[in-house]
Amino acid sequence: MGIAVSPVNPDVIYLIVEAAEDKGGFYRSTNRGASWEKMSDHSSSGQYYNEIYCDLKTLIKFTRLKLSHR
């Protein structure tokens with residue numbers, strides 16, 4: 001799982017989660033986590049560590065870092 005709060009707007013939170021039955025994926029909340037919108041089906045599986053980095057100037061850009069845990 002990876003989570004990040006936007007430094008531009010703290011109401012915006014991004015989340016990557018792995019879950020059964022196609023419920024995992026990349027999600028965004030625009031109301032501090034009260035509700036979530038699924039942005040894509042992307043999720044990691046296995047022994048990976050995800051971290052999301054938000055752009056410091058815009059809400060549109062973010063990057064994801066995936067590291068293998070061995």
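- Note that CZ of Arg28 and OG of Ser35 are 10.5 Å apart. Values are rounded to the nearest 0.5 Å.
- Residues Asp11 and Thr30 are not in side-chain contact: their nearest non-hydrogen atoms beyond the backbone lie 4.5 Å or more apart.
- The aromatic rings of Tyr27 and Trp36 lie perpendicular to each other, with more than 60° between the two planes, well past the 30° mark.
- At least one side-chain heavy atom of Ile13 sits less than 4.5 Å from a side-chain heavy atom of Ile3.
- Take Ser29 and apply the side-chain hydrogen bond (donor to acceptor under 3.5 Å, both in side chains) test, not counting sequence neighbours, and it matches Asn31.
- In this structure, Lys38 contributes its side chain and Gly24 its backbone to a donor-acceptor pair below 3.5 Å.
- From Ile52, atom CD1 reaches atom CZ of Phe26 across 4.5 Å, with rounding to the nearest 0.5 Å.
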